[in-house]
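We count ligands from 1, going down the list as the structure has it; atoms in each ligand are counted the same way.
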Amino acid sequence: MATVCLSGGLVEKLHACASAGFDGVEIMDADLVAAYESPEEIRTLCERLGLSIDMYQPFRDVEGVDEDTFADNLRRAEAKFDVMERLGTDLILLCSNAGTATIDDDDLAADQLGRLADLAAQRGIRIAYEALAWGRFVDDYRHAWRIVQRADRPNLGVCLDSFHILSRGHDPAAIEEIPGEKIFFLQLADAPALDMDVLQWSRHHRLFPGEGDFDLTGFLGHVLRAGYAGPLSLEVFNDTFRQTAVFRTAAHARRSLTWLADRTALAERRDAGRLLDAQHAHGVDFVEISGDDLHDLDQLLDQLGFAFRGRHRSKPVRLWTAGGARIILNEQLRLESPRLTGFGLTVDDAAQASRRAGSLGADPVYRRTYRDEVELRAVASPDGTEVYWNDDDPETGWVSEFEGGTAVAAFTGDIDHINLSWAWQDFDEAVLFMRSVVALDAEPVAEVPGPRGLVRSQVMRSPDRVVRLPMNLAPPTAPVPHRHIAVRVEDAVAVARAAHAKGLGFLPVPHNYYDDLQARFALDADLFETLQSLDLLYDRDAGGEFIHFYTPTHGGVFLEIVERRGGYDGYGAPNAPVRLSAQRQVSTWTDAHGSGTPAERT
Ligand SMILES: O=C(O)c1ccc(O)c(O)c1
Ligand SMILES: [Mg+2]
């Protein structure tokens, strides 16, 4: 772990690395310079914590300069070699010159690196030369390797950093042409696919492996096939991770490395460090809403046509269902306003899913259960939202613990998707959590316009696409992140009509939306009239059509009813701005006028 990834002072960072299970660190020059502890004290602390100091970094701007400047560079280097001796580490990272280089000449660069290496050799120090993506004359790892070959010193090798290579689109396959023992160090970082200045991208937007768009499994495969046997180190410059609690970020980073090592072990057919096979979810078992008083939600579910299936035998928990859509209302937690606090997934082997989650460092959740009740296996996601696994038929299993319900649902449904919003500091960790612990795949990041700006959104889904979790970034001002449950039905128009008849107020859709819909799709008159009269939304893609509507929000939750016609594969994203604006309209009106919705006014 590079200490630059974490928040706080050097001593805290080292404690956090050790407690997360790292066995070595790259110490950042800036972290040491700002520390009150001497290099000897840091060395002792690392020894006691069981951390090796695998590298000291970075040293900058050595090669491609005139002789006077180079002489000063050697003087600077000697001072850092002194510090390394006191720290007890023998490897230093040298970044390709991005600041002072004036002479573009590989022979000169090789000569200067060679002379630096000779100076280092007198102290038993090795140098790992890294091509920065924004280096002045050397910005490609293949170029750095050519210079290292030309210098031809035993204590001079390369440092490979996935960010510099993949951000520039350089083919990592040529890594296999470098002998493994000349790769002195490996730094791993993921990143979102952005089109921006590469230095800014690197310094602010790197992510832990599994959180971005880089193919790190493929990358690491090339490095291992080259014969590299040194540490796998994370070097992630990211403003969010520098602001979150240091122990938590270290644990999060460790999960990322465990996951990547496992994926690569699979790809490379190595068995070392292999996790249990992932359990792919094949359905949503239930979604749970918690709050102090959930009677408004009882009413909402009743109006939508859900069946009340009863109360739990031993807990203040109620169950509503419609076909395979099971919604639990839980009044055990003393939350002031309702929140979506958990969901269950069906898998082949729940015990294995939870053992694998444990190996990935996920926090187990304990729910009070009695001997004659079904054992619940769950873990807590980054913001505490609980994820359960079930490998039984729910109808004969946990559902039978609910008693006293009689009604039959007005329709059959299924959970189509669960929309989860996350606070800014939890989002990246949530992507990794869903990918690693919950074994979902990540779709590319999208941006949805809303009244408060563009909202970052990313869909996570099971390989068979049955379980879908669109995730988005909650506005920083929201007191509770809004989340919703989308229920798929055969006939959304019929469900809407019946719900209207039972007095359910929908989110009012602006007339302008329907004008625009007609302009885009030229719908037939009947369908158009139906949509408009019932406040329904519509979308179409190459595969089919989508009809949907949203209920009003209760605390932080609302429901969506969706109908997929043909092979429609989206989530009505083009309608999200209209939904967000309608929700804002309702809450603005409520804030200003106390209660009620515009729909109730008309
Ligand atoms: O942003 C930088 O300057 C920087 C420094 C050291 C590294 O290893 C690196 O990848 C980037
Ligand atoms: Mg680096």
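Inside a sphere of radius 2.8 Å centred on the Mg ion (ligand 2), the protein N/O/S atoms present are E130 OE2, D161 OD2, Q187 OE1, E235 OE1.
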Is there any protein N/O under 3.5 Å from an N/O of ligand 1, and what does the full list of such pairs look like?
from	atom 1	to	atom 2	distance (Å)
ligand 1	1 (O)	R203	NE	2.6
ligand 1	1 (O)	R203	NH2	3.3
ligand 1	3 (O)	R60	NH1	2.7
ligand 1	3 (O)	R60	NH2	3.0
ligand 1	3 (O)	R203	NH2	2.8
ligand 1	8 (O)	Q57	OE1	3.3
ligand 1	8 (O)	E130	OE1	2.9
ligand 1	8 (O)	E130	OE2	3.2
ligand 1	8 (O)	Q187	OE1	3.2
ligand 1	8 (O)	E235	OE1	3.2
ligand 1	8 (O)	E235	OE2	2.6
ligand 1	10 (O)	E130	OE2	3.2
ligand 1	10 (O)	D161	OD2	2.8
ligand 1	10 (O)	H164	NE2	2.7
ligand 1	10 (O)	R206	NH2	3.1
ligand 1	10 (O)	E235	OE1	2.9

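Applying the side-chain contact (heavy atoms from CB on, under 4.5 Å) test to A378 and every residue at least two apart in sequence or in another chain returns V365, Y388. Applying the ring-ring contact (aromatic ring centres under 6.0 Å, His included) test to F208 and every residue at least two apart in sequence or in another chain returns F241, H252.
A centroid separation of 6.0 Å or more is found between the aromatic rings of Y129 and W145. Checked against the 6.0 Å centroid threshold, H170 and Y141 do not count as a close aromatic pair.
Atoms CG and CG, on N73 and D68 in that order, are 11.0 Å from each other to the nearest 0.5 Å. Taking CD1 of I27 as the start and SG of C46 as the end, the distance is 4.5 Å to the nearest 0.5 Å. With values rounded to the nearest 0.5 angstrom, D426 atom CG is found 9.0 Å from T244 atom OG1.
The backbone N or O of N419 lies less than 3.5 Å from no partner atom in the side chain of R483, so there is not a single donor-acceptor pair. R255 places a side-chain N or O within donor-acceptor distance of the main-chain N or O of G361, the cut-off being under 3.5 Å.
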